[in-house]
Visitor: 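Please see the structure below; I have some questions.
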Amino acid sequence: MFPHLEGLHIKRVTGQGATVRLEVETDSRTARCPACATMSQRVHSCYQRRLIDTAIGGRETVIHLRVRRFVCDTMSCAKKTFAEQIDG
């Protein structure tokens, strides 16, 4: 039903009025630093992105995507923290 959310974990789907809300997060334990390509598993923090998607059955679809910020442990890397990247 949501091919663009492949690789993500849909935690909850709720409907309220004319809106369908999906709460989604990644299920990976690590992320690669975009600056130095080092893998990290140290989570610094989390935040939520709100994405509007195409309608489902004529109802607005809102995706609440939980994104983590990781710590880059490479001393020479300019990025100290970075957000995990989600395909699509």
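Just the heavy atoms: all of them, side chains too, but no hydrogens, waters or symmetry mates, feed the values below.
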Visitor: What's the separation between atom SG in Cys77 and atom CZ in Phe82, rounded to the nearest 0.5 Å?
Guide: 8.5 Å

Visitor: Rounded to the nearest 0.5 Å, what's the gap from SG on Cys33 to NZ on Lys79? Could you check?
Guide: 7.0 Å

Visitor: Would you name the heavy atoms of Arg59 and Thr19 that are closest together and state the gap between them?
Guide: NH2-O, 3.5 Å

Visitor: Measure the spacing between OG1 of Thr26 and CG of Leu65 and express it to the nearest 0.5 Å.
Guide: 7.5 Å

Visitor: Please say yes or no: joined through hydrophobic side-chain contacts below 4.5 Å, possibly via intermediate residues, are Leu51 and Val62 part of one cluster?
Guide: no

Visitor: Can you check whether Ala37's main-chain N or O pairs, donor with acceptor, with Arg32's side chain at less than 3.5 Å?
Guide: yes

Visitor: Any donor and acceptor pair, going by atom type alone, linking the side chain of Ser40 with main-chain N or O of Arg42 inside 3.5 Å?
Guide: yes

Visitor: When you measure from the side chain of Gln85 to the backbone N and O of Ala83, does any donor-acceptor pair fall under 3.5 Å?
Guide: yes

Visitor: Quick check: are there more than 12 heavy atoms from other residues, nucleotides or ligands sitting under 6.0 Å from NZ of Lys11?
Guide: no

Visitor: Looking at Glu84 and Arg68, is there a salt bridge between them, counting it only when a charged N and a carboxylate O are closer than 4.0 Å?
Guide: yes

Visitor: Given Arg69 and Ser45, is the side-chain hydrogen bond (donor to acceptor under 3.5 Å, both in side chains) satisfied, shown in steps?
Guide: CA-CA 5 Å; Arg69 290 196 67 77; Ser45 59; 4.9 Å; no

Visitor: Can Ile86 be reached from Phe70 by stepping across I, L, V, M, F, W or Y side chains whose heavy atoms are under 4.5 Å apart?
Guide: no

Visitor: Would you say Thr61 and Ile52 make side-chain contact, with heavy atoms under 4.5 Å?
Guide: no

Visitor: Quick one: pull up CG in Asp73 and OG1 in Thr38 and give me the separation to the nearest 0.5 Å.
Guide: 8.5 Å

Visitor: Could you tell me if Gln41 and Thr30 have a donor-acceptor pair between their side chains, going purely by distance under 3.5 Å?
Guide: no

Visitor: Would you say Val71 and Met39 are hydrophobically clustered, going by side-chain heavy atoms of ILVMFWY under 4.5 Å?
Guide: no

Visitor: Hydrogens and angles aside, do His9 and Glu25 bring a side-chain donor and acceptor to less than 3.5 Å of each other?
Guide: no

Visitor: Report whether Val67 and Leu8 are members of the same hydrophobic cluster (ILVMFWY, side-chain heavy atoms less than 4.5 Å apart, transitive linking).
Guide: yes

Visitor: Measure the spacing between CD of Glu23 and CZ of Arg66 and express it to the nearest 0.5 Å.
Guide: 11.0 Å

Visitor: Nearest 0.5 Å, please: how far is CD1 in Ile10 from CD1 in Ile63?
Guide: 8.0 Å

